[in-house]
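Below is one structure; the comments refer to it alone.
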Amino acid sequence: MAAGLGTRMKSGKAKVLHELDGRPLVNYVVEAALALALGPKSVCVIVGHQSEDVKAAVNAEFADERVCFALQERQLGTGDAINCTRSLYCNEPSTVVVLTGDVPLITSQTIRSLIDHHKGEEAAATLLSVRLKDPHGYGRVVRDPQGAFSRIVEQKDATEDERLIDEINAGFYCFDSNKLYSALAELSNDNAQGEFYLTDIPGMLLVEGEKIAIYVAPDPQEVEGVNDRRQLATLEHAMRKNTIDKLMLESGVTFIDPSSTYISSRAVIGRDTVIHPNVTIEGESVIGEDCVIRSGTRIHESRIGNSVEIRDNCLIRDSEVGDECTLGPMAHLRGHAVMLDGSKVGNFVELKKTKLGHGSKASHLTYLGDATIGEDTNIGAGTITCNYDGKNKHETHIGDRVKIGSDTMLIAPITVGDRAVTGAGSVVTKDVKESTLVAGVPARKLRDISQE
Ligand code: UD1
Ligand code: CA
């Protein structure tokens, strides 16, 4: 179920699109469903509010033909949401497993245990419950004096006594499909919120003499729902802490201040790497061993080799850095920039879709875009590859052991041969042959320097 707006988020964005650890909430639940052992025949995501965006978020991560969508045009409650899957699942007797889209930490093992319990008990419906220290906001599971299921009551409909119950409905259920859809046809919205509650269905089935089972989840944290931004921040914090603890204990990574460091749970970091405060590592980034990453740096979906020093305040996105490189302070890599082993970029250097060869350096104030640079080349301070003519982007190719003088403008498309030199302040408009010195505006050949 992922059709609701999530009023309590106070957001223009559907709740299930809010991100936890950089991923939309709904995708956690879809992932858990797809990962189920003895997997499901299909996983239907019920969308409504911002349906196209929710579909796009799911499709961006899962290319699985078992994933389909059902549209709930008006969000009339969780019972109505499930009713929107009627045409998909009512014709063939089966087990319908209902998952709640705003409960991201649910694991497929717990869902599997719920299904096994349902089948073992031969119940018409089975719900997942858990005991919480603070059950406020959740539906409560009311049991009869013998301890058997009696009904679920929502927070807003509960009496004071019922609100004292600490066993809550986690929002995960198994149903016999025939019994589910026939009960849904009888469901009313006569309650505090005027909604069609799915949570009324088990109680209705019980009255009809059906068997209702309860599986009590062992881990309360798994079933924590996200209804407001405070709960989202709490889960984010718990996930971050868990990730950093694992990196320290299992991977041998040093964090100078774990509490001010933000690492994606999908990142990999090598042994003896030291991470300073205020570093953010996002997505599936991979960082090697023996690196030092200084404060203020953000690394997004990038690969960093071994023994790399990243000085303060760098931004590295979708890029690759080889072994023993140095970056920053204040360097910017983006658009699949590649730094080969032993290369260096210094302060205020931007690399976009550029390959910097082995041992090459651009130490100060430089823009290199759509360029390839060979080995042991030095790019002087203030150099710019002028790659954009206002309409199209053009490439710059610089060879090995080249010396680009300070403040050189390279008007692309252009090629500078091996061992060539440009004088300070050159505006290079034509290709430069190897071992040639050019200078001036526009730059002209001064002499052949192959013997120098
Ligand atoms: C629901 C349960 C509550 C349980 C809690 C567990 C109901 C009536 N209550 O309450 O017993 O303790 O989850 O987290 O089911 N949704 C739709 N269409 C709708 C309404 C909701 O798809 O018309 C989706 C939402 O996008 C969300 C999920 O269903 O992903 C749950 O909705 P929400 O409003 O958060 O229900 P809760 O009040 O948390
Ligand atoms: Ca909820």
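Given the structure is predicted, the values throughout are model-derived calculations rather than measurements. One-based numbering, in listed order, for ligands and for the atoms of each.
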Worksheet item: Given Glu195, Gln155, Arg74, Glu154, which has its nearest heavy atom closest to atom 2 (C) of ligand 1?
Response: Glu154
Worksheet entry | Which segment of Ala2 sits under 4.0 Å of ligand 1 when only heavy atoms are counted | backbone
Worksheet, complete the sentence: Quick note on ligand 1: atoms under 4.0 Å from a heavy atom of Tyr197 include exactly 8 (C)
Worksheet item: What are the atoms of ligand 1, with element, lying closer than 4.0 Å to any heavy atom of Thr100?
Response: 28 (C), 31 (C)
Item to complete: Please check if a non-hydrogen protein atom sits closer than 4.0 Å to atom 24 (C) of ligand 1.
Response: yes
Worksheet item: Is a salt bridge present between Asp370 and Lys352, judged by a nitrogen-to-oxygen distance below 4.0 Å?
Response: yes
Practice prompt. From the options Gln193, Gln72, Gln75, select the one whose nearest heavy atom is closest to atom 17 (C) of ligand 1.
Written response: Gln72
Worksheet item: Are any of the protein's heavy atoms under 4.0 angstrom from atom 13 (O) of ligand 1, yes or no?
Response: no
Practice prompt. Return the residue, atom name and 0.1 Å-rounded distance of the protein heavy atom closest to atom 22 (O) of ligand 1.
Written response: Ala3 N, 2.9 Å
Discussion item. Against ligand 1, does Leu76 come closer than 4.0 Å with any heavy atom?
Written reply: yes
Worksheet, complete the sentence: Atoms of ligand 1 under 4.0 Å from any heavy atom of Lys15, numbered from 1 in the order shown, are 35 (O)
Discussion item. Could you report the tightest heavy-atom contact between Asn306 and Gly288, atom names first, then the distance?
Written reply: OD1-CA, 3.3 Å
Worksheet item: Taking distance alone, with no angle check, do Gly171 and ligand 1 share an N/O pair under 3.5 Å?
Response: no
Item to complete: Looking only at protein heavy atoms, identify the closest one to atom 26 (O) of ligand 1 and say how far it is in Å.
Response: Gly4 N, 2.9 Å
Practice prompt. State whether the shortest distance between N or O atoms of Asp102 and N or O atoms of ligand 1 falls below 3.5 angstrom.
Written response: yes
Practice prompt. Measure from the side-chain N and O atoms of His332 to the backbone N and O of Cys314, and report whether any donor-acceptor pair falls under 3.5 Å.
Written response: no
Practice prompt. Flag Tyr173 as yes when one of its N or O atoms lies below 3.5 Å from any N or O atom of ligand 1, and as no otherwise.
Written response: no
Item to complete: Using modelled atom types only, decide if a donor and an acceptor are shared between the side chain of Asp341 and the backbone of Asp323 within a distance under 3.5 Å.
Response: yes
Fill in: Ile46 to ligand 1, any heavy atom closer than 4.0 Å
no
Fill in: Leu198, any N or O under 3.5 Å of ligand 1 N or O
no
Item to complete: Kindly check if the number of other-residue, nucleotide or ligand heavy atoms within 6.0 Å of CZ (Arg271) is above 12?
Response: no
Practice prompt. For the residue pair His118 and Thr95, confirm or rule out a side-chain donor-acceptor distance under 3.5 Å.
Written response: no
Response to the item:
Applying side chain to side chain contact (heavy atoms under 4.5 Å, CB included) to Asn27 and not counting sequence neighbours gives Arg23, Pro24, Val58, Glu61, Phe62
Response to the item:
Counting from 1 in the order shown, the ligand 1 atoms closer than 4.0 Å to a non-hydrogen atom of Gly101 are 30 (O)
Fill in: Electrostatic pair Arg66-Asp64, nearest N-O below 4.0 angstrom
yes
Worksheet item: Should Arg240 and Asp21 count as an ion pair when the cut-off is N to O under 4.0 Å?
Response: yes
Worksheet item: For ligand 1, which atoms sit closer than 4.0 Å to a heavy atom of Thr199?
Response: 7 (C), 8 (C), 9 (N), 11 (O), 15 (O)
Worksheet item: Is there any ring pair (Phe, Tyr, Trp, His ring centres under 6.0 Å) pair reaching into residues 239-267, and which pairs are they, with sequence neighbours excluded?
Response: none
Show which side-chain atoms of residues 40-49 pair as donor or acceptor with protein atoms under 3.5 Å away, not counting sequence neighbours.
| from | atom 1 | to | atom 2 | distance (Å) |
| --- | --- | --- | --- | --- |
| Lys41 | NZ | Glu92 | OE2 | 3.3 |
| Ser42 | OG | Tyr89 | OH | 2.6 |

Discussion item. So, 4.0 Å and heavy atoms of Asn227: is ligand 1 close enough to count as a contact?
Written reply: yes
Item to complete: Sort by chain and number the protein N/O/S atoms that are closer than 3.0 Å to the Ca ion (ligand 2), and list them.
Response: Asp102 OD2, Asn227 OD1
Worksheet item: Under 4.0 Å between a Lys/Arg side-chain N and an Asp/Glu carboxylate O for Glu284 and Arg303?
Response: no
Practice prompt. Salt-bridge test for Glu52 and Lys55: reply yes if a basic N is under 4.0 Å from a carboxylate O, no otherwise.
Written response: yes
Practice prompt. Number the atoms of ligand 1 from 1 as they appear, then name those within less than 4.0 Å of a heavy atom of Arg8, with their elements.
Written response: 34 (O), 35 (O), 37 (P), 38 (O), 39 (O)
Worksheet entry | Ion pair check, Glu282 and Arg317, cut-off under 4.0 Å | no
Fill in: Exam field: side chain Thr385 to backbone Leu410, donor-acceptor pair closer than 3.5 Å
no
Response to the item:
Residue, atom and distance of the protein heavy atom nearest atom 7 (C) of ligand 1 read Thr78 OG1, 3.5 Å
Worksheet item: Less than 4.0 Å between a side-chain N and a carboxylate O, is that true for Arg294 and Glu309?
Response: no
Discussion item. Go through it in stages, so that I can follow the logic: the residues are Arg143 and Glu167, the test is salt bridge (charged side-chain N to carboxylate O under 4.0 Å, His left out), and I'd like the CA-CA distance, side-chain angles, deciding distance and then a yes or no.
Written reply: CA-CA 10 Å; Arg143 294 184 184 246; Glu167 185 180 14; 2.7 Å; yes
Item to complete: Just need the protein heavy atom nearest to atom 4 (C) of ligand 1, so name the residue and atom and give the distance.
Response: Asn169 O, 3.1 Å
Practice prompt. Return the residue, atom name and 0.1 Å-rounded distance of the protein heavy atom closest to atom 27 (C) of ligand 1.
Written response: Met1 O, 3.9 Å
Worksheet item: Near Ala170, which atoms of ligand 1 are under 4.0 Å from a heavy atom of that residue?
Response: 6 (C), 14 (O)
Worksheet item: Just which atoms of ligand 1 are under 4.0 Å from any heavy atom in Ala81?
Response: 17 (C), 18 (N), 22 (O)
Fill in: salt_bridge(Lys211, Glu121) N-O dist < 4.0 Å
yes
